[in-house]
Amino acid sequence: MRASELFFPTLREDPSEAEIASHRLLYRAGMIRKTAGGVYTYLPLGYRVLRKIMNIVREEMDRAGGQELGLPIIQPAELWTRSGRWVVYGDEMFRLKDRHQRDFCLGPTHEEVITDVVDHDVHSYRDLPLLLYQIQNKYRDEIRPRFGLMRAREFIMKDLYSFDVDQEGMNVSYDKMYKAYSRVFDRLGLAYRVVEADSGAIGGSVSHEFVVLASTGESVVVFCDSCGYAANVEKSACVPEPRAEQEIALTLQKISTPEQKTIQEVCRFLELPSHRLVKTLVYMADEEPVAVLVRGDREINEIKLKNHLGCNFIEMADEWTVKEMVGANFGSLGPVGLKMKLYADLEVEQMTNLVCGANEDDYHYINVNPGRDFQPLAFIDIRSAQGGDLCPVCREGKLEETRGIETGHIFQLGTKYSEAMGAKFLDENGQERPMVMGCYGIGVSRVMAAAVEQNHDEHGIIWPISIAPYHVLIVPVNVNNAEQLDVAERIYAMMQEAGIEVLLDDRNERAGVKFKDADLIGIPVRVTIGSKSLQAGQVEVKKRWEKDYELVEIAQVLDTVRSIISAFA
RNA sequence: CGGGGCGUGGCGCAGUUUGGUAGCGCGUCUGAUUUGGGAUCAGAAGGUCGCAGGUUCAAAUCCUGUCGCCCCGACCA
């Protein structure tokens, strides 16, 4: 391809709306444009990247026994009513009506459709297992689309659904997908971690996330440096440190703490570390108030809390309601004498002489002791894991914390959808049974953003070779110099002949412009043809991720470039 | 949905407080000179100031409504 003919409108300045690197750089590099909030057009360079990602995904799904199909994006409400999700999905679903006022939606996911398809045409255990997948646009009317492709309302996703005769079969399918996903992410050339995850609203039990590591990521994961355990902080179990030597319980005392509301303020005021304090939070769990306690330096984990309580819906009570019930504002709550359902984190049980609010504004208690001064209904694991925690599995290592971008998620669904949608089969005994399902997603467009988020510098994108729009960029410094252009054209022809994906920057632009664009669009290998080196019969070969270039004889360019590419292929 | 901010040539912005007939940089087009890290000079095109009402002799500017976008929060494969 010739740059003079390629549609890649690069921008000199950052678009004002772009906050994070991937959004900014994909936009400036002429790879994406916004069409509406959370809806993007993929320009040729960007689309080439997406195709590369899709192809890697496709090859690995096929290798694992998946069969690709195409599913409708417009889906009838009837299917969603059957699964019960027409209501549950709420405002996040794009809904529309046809001319007869029949309800449809733009598919946010495809469990319903695929299960319906399988229900119609699969009836025997002989037809199972079945692994079906699609790579298509999906639609979610996000509350707040943001960060460009990272959280868009229209996005490309690969979803594979597995259908098995029983749990054991599903385990096999799940394992296949786990391995296939690992291969996909290896091939994408991205640093990632597989972590145990909460299965959330999708349902089911076992679940893993594939998280591309990036400091700007929205997911926080922890991993154990000694046993290899890794999990999303929302999922990771927390075990209390073994109790150090027991302090002597002192007498409960109420003290004045005027205007001291936050944990931070109280710490400073009393000159105590935050882990000596207890945070009291009030939730409304299905309309019923519940108070929960965690150590002052910990964060409550609402997912765990919800799971423990077994309720459908929880939210923080608002301050006004709390004031009504307790008589104190948020900053002064505490468990002592609190007349409300009370749960405490496991760690709280081990605390001695702790500090908490006195349920009276501007007062706190000190020397509070669990069991003596208050008694929760139970001590349970309801905090989020953090770096530095004891590993809950080997109980030896410390957890390290890192941020990342969730780009893949695999779930064991079980029979939730097959039962709701009636996807049953006859087993070898003629018994009718629901199929056991799994579902496995990769956010293709999100992978593109994550790749940039992880691989860029101040000048632009640094694509991993496996998903770069082109492998090689040939830059004749001055196309008005006949010799330079001639050499560039020859190398270009030679590489095309050799099947290398090559872009020739034959634009009549100044060198600076071409180099800036080259850095921005991030093609891994740059071959520069300039007058100085050309006199010695040489050209420059530069890797995008390295600062310096090497001089190479013209006759050797092809081999040099080939070996660079193959080293990463 | 709550809080904050912004809509002015393709992009980035000034002008709005204090109404007076729209400006800067980049980009685009023509010509010349240039050609190893976003060239220089000369010329040119391109804007119903998001949209709709209202106030006024006069509105980008003031008022009302509305649409869109961005950020924070709640939410989330």
Side-chain angles (χ1 to χ4, degrees), chain A residues 9-20 23-24 27-28 30 33-39 85 88-93 107-111 138-148 150-153 155-161 197-204 207-211 218-219 232 234 283 302-303 306 313-318 405-411 413 439-446 459-460 475-481 484-485 505 507-520 526 528-534 539-540 542 547 549:
Chain A
T10 56
L11 296 177
R12 185 181 292 236
E13 289 172 275
D14 288 334
S16 62
E17 67 194 41
E19 280 278 304
I20 60 168
H23 191 191
R24 240 177 43 231
Y27 218 103
R28 279 190 57 202
R33 285 294 181 265
K34 184 170 70 179
T35 298
V39 179
R85 290 208 292 184
V88 174
Y89 232 98
D91 292 333
E92 208 168 296
M93 187 144 69
T109 177
H110 286 73
E111 281 89 3
K138 310 234 170 181
Y139 297 82
R140 290 186 197 169
D141 194 358
E142 292 283 350
I143 294 175
R144 186 147 89 83
R146 61 183 130 178
F147 303 140
M150 207 65 90
R151 180 166 297 265
R153 296 196 293 173
F155 54 100
I156 303 173
M157 181 150 166
K158 185 283 307 181
D159 257 328
L160 183 144
Y161 301 94
D198 189 86
S199 43
I202 293 261
S207 171
H208 288 88
E209 283 174 10
F210 287 70
V211 175
E218 289 187 277
S219 301
N232 191 307
E234 293 169 350
Y283 280 87
E302 296 187 5
I303 294 171
K306 194 173 146 195
F313 180 77
I314 61 167
E315 77 178 331
M316 283 265 263
D318 60 78
I405 301 158
E406 179 193 341
T407 46
H409 203 157
I410 58 180
F411 299 86
L413 291 179
C439 87
Y440 317 85
I442 292 179
V444 172
S445 43
R446 185 182 272 188
H459 303 295
V475 183
V477 166
N478 182 354
V479 294
N480 295 314
N481 176 312
Q484 281 181 31
L485 187 60
D505 194 347
R507 296 175 301 167
N508 184 13
E509 290 286 353
R510 297 174 66 84
V513 173
K514 296 204 214 184
F515 290 145
K516 289 288 183 190
D517 277 346
D519 289 343
L520 191 56
R526 189 179 89 194
T528 308
I529 295 116
S531 48
K532 281 177 255 165
S533 49
L534 200 53
V539 297
E540 297 160 20
K542 182 180 177 299
K547 200 171 180 303
Y549 57 82

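Keep in mind that what you see is a predicted model, and the values were worked out from it rather than measured. So you know, we letter chains A, B, ... as the sequences are listed, proteins then strands, and number each from 1. Basis for what follows: all heavy atoms, side chains included, without hydrogens, waters or symmetry-related copies.
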Discussion item. Within the structure provided, determine whether A:Y27 and A:K34 are in side-chain contact (heavy-atom separation under 4.5 Å).
Written reply: yes
With 3.5 Å as the limit, what N/O pairs link the protein to nucleotides 39-41 of chain B?
from  : atom 1 : to     : atom 2 : distance (Å)
B:A39 : O4'    : A:R510 : NE     : 3.3

Practice prompt. For A:N481, answer base if it contacts any base atom (sugar-phosphate contacts may also be present), sugar-phosphate if it contacts only those atoms, and nothing otherwise; contact means non-hydrogen atoms under 4.0 Å.
Written response: nothing
Discussion item. Under 4.0 Å, heavy atoms only, any strand: does A:G408 hit a base, just the sugar-phosphate, or nothing?
Written reply: nothing
Practice prompt. For B:G31, give its Watson-Crick or G-U wobble partner with both distances under 3.5 Å, or none.
Written response: B:C41
Worksheet entry | B:A58: pairing nucleotide in any strand, Watson-Crick or G-U under 3.5 angstrom | none
Discussion item. Rounded at 0.5 Å granularity, tell me how far CE in A:M157 sits from OG1 in A:T109.
Written reply: 6.0 Å
Worksheet item: Is A:E540 touching bases, backbone alone, or none of the nucleic acid, heavy atoms closer than 4.0 Å?
Response: base
Response to the item:
Heavy atoms of A:P9 and A:R33 approach each other most closely as O-NH2, 2.7 Å
Worksheet entry | Pair of N/O donor and acceptor under 3.5 Å linking B:G37 base with A:D519 side chain | yes
Worksheet, complete the sentence: What one should report as the nearest heavy-atom pair of A:C439 and A:L413 is CB-CD1, 3.9 Å
Worksheet entry | B:C57 and B:G19, which share atom name P, separated by this distance in whole Å | 15 Å
Item to complete: Looking at every strand, decide which applies to A:K138 at a 4.0 Å heavy-atom threshold: base, sugar-phosphate, or nothing.
Response: nothing
Item to complete: Answer yes or no: side-chain N or O of A:E509 and base N or O of B:G38 forming a donor-acceptor pair under 3.5 Å.
Response: no
Item to complete: Give a yes/no answer on whether the side chain of A:S16 brings an N or O atom under 4.0 Å of OP1 or OP2 in B:C70.
Response: no
Item to complete: Give the rounded distance in Å between these two atoms: CG of A:D505 and P of B:G38.
Response: 15 Å
Worksheet, complete the sentence: note: A:F515, atom CZ; B:U35, atom P; distance rounded to Å ~ 15 Å
Response to the item:
The reported gap from CZ in A:R446 to CZ in A:R151 (rounded to nearest 0.5 angstrom) is 5.5 Å
Worksheet item: What is the distance from atom CG of A:L534 to atom OG1 of A:T528, rounded to the nearest 0.5 Å?
Response: 12.0 Å
Fill in: Distance, P atom - from B:A22 to B:G46, rounded to whole angstrom
14 Å
Worksheet item: Taking a pair as Watson-Crick or G-U wobble with both distances under 3.5 Å, which nucleotide is matched to B:U16?
Response: none
Worksheet item: For the side chain of A:F147, counting heavy atoms from C-beta on, which of B:C72, B:G36, B:C75 is nearest?
Response: B:C72
Practice prompt. Could you pick out which residue, A:P15 or A:R146, lies toward the 5' side of RNA chain B when each is mapped onto its nearest nucleotide?
Written response: A:P15
Practice prompt. Locate the shortest heavy-atom distance separating A:S207 from A:H409; write the atom from each residue and the value.
Written response: OG-NE2, 2.6 Å
Discussion item. Over all strands shown, is A:E13 touching base, sugar-phosphate only, or nothing at heavy-atom distances under 4.0 angstrom?
Written reply: base
Practice prompt. Using a 4.0 Å heavy-atom cut-off across all strands, classify A:G37 as base, sugar-phosphate, or nothing.
Written response: sugar-phosphate
Practice prompt. In sequence, state the C-alpha distance, the side-chain angles, and the governing distance for A:D159 and A:K138, and then conclude on side chain to side chain contact (heavy atoms under 4.5 Å, CB included).
Written response: CA-CA 10 Å; A:D159 257 328; A:K138 310 234 170 181; 2.7 Å; yes
Worksheet item: What distance, rounded to whole Å, do you find between the two C1' atoms, one in B:G23 and one in B:A14?
Response: 7 Å
Worksheet entry | Nearest-angstrom distance, C1' atom, B:A60 to B:C49 | 5 Å
Worksheet, complete the sentence: Side-chain contact check for A:R144: nearest option of B:G73, B:C70, B:G38 is B:G73
Worksheet item: Which base, if any, makes a Watson-Crick or G-U wobble pair with B:G9, both distances under 3.5 Å?
Response: none
Item to complete: Measure the distance from CD on A:E19 to P on B:C69 and round it to the nearest whole Å.
Response: 16 Å
Discussion item. Taking only side-chain N and O atoms of A:K514, does any of them lie within less than 4.0 angstrom of OP1 or OP2 on B:U35?
Written reply: no
Worksheet item: Can you tell me how far C1' of B:G38 sits from CZ of A:R507, to the nearest Å?
Response: 11 Å
Item to complete: Determine the interatomic distance between C1' on B:U61 and the same-named atom on B:U21; round to the nearest Å.
Response: 13 Å
Practice prompt. Verify side chain to side chain contact (heavy atoms under 4.5 Å, CB included) between A:E406 and A:N232, making sure each step is shown before the conclusion.
Written response: CA-CA 10 Å; A:E406 179 193 341; A:N232 191 307; 5.6 Å; no
Worksheet, complete the sentence: Between CD1 of A:I529 and P of B:U35 the distance, given in whole Å, is 19 Å
Discussion item. If you compare all heavy atoms of A:K514 against all heavy atoms of A:P476, which two are closest, and at what distance to 0.1 Å?
Written reply: NZ-O, 2.8 Å
Discussion item. Could you tell me the Watson-Crick or G-U partner of B:G65, where both distances fall under 3.5 Å? Say none if there is no partner.
Written reply: B:C51
Discussion item. Whole angstroms only, please: what is the CG-P distance between A:D91 and B:G2?
Written reply: 13 Å
Worksheet item: In whole angstroms, how far is the P atom of B:C72 from the CZ atom of A:R151?
Response: 12 Å
Item to complete: In whole angstrom, give me the gap between the C1' atoms of B:A59 and B:A52.
Response: 15 Å
Discussion item. With a 3.5 Å limit on both atom pairs, tell me what B:A74 is paired to, counting Watson-Crick and G-U wobble, or say none.
Written reply: none
Item to complete: For A:F210, report the nucleic acid contact type (base, sugar-phosphate, nothing); a contact means any heavy atom under 4.0 Å.
Response: nothing
Practice prompt. Please say whether more than 12 non-hydrogen atoms of neighbouring residues, nucleotides or ligands are located less than 6.0 Å from CG in A:D91.
Written response: no
Item to complete: Could you work out the separation of B:U35 and B:U40 based on their C1' atoms and round it to a whole Å?
Response: 12 Å
Worksheet entry | Distance-minimising heavy-atom pair for A:K158 and A:Y440 | NZ-O, 3.0 Å
Discussion item. Just to be sure I understand the rule, does A:R526 reach a base, reach only the sugar-phosphate, or reach nothing, if contact means heavy atoms closer than 4.0 Å?
Written reply: base
Practice prompt. Grab the two heavy atoms, one from A:Q484 and one from A:S531, that are nearest each other, plus how far apart they are.
Written response: NE2-N, 3.3 Å
Anything under 3.5 Å between a protein N or O and an N or O of nucleotides 42-45 of chain B, put it in a table, one pair a line.
none

Worksheet item: For the pair made of OH in A:Y27 and P in B:C70, what is the distance, rounded to whole Å?
Response: 10 Å
Fill in: Closest listed nucleotide, where the reference is the side chain of A:Y549 and the choices are B:G38, B:G36, B:A74
B:G36
Worksheet entry | Nearest-nucleotide 5' precedence on RNA chain B, A:K542 against A:E92 | A:K542
Discussion item. Measuring only the P atom in each nucleotide, how far is B:G15 from B:A39? A whole number of Å is fine.
Written reply: 29 Å
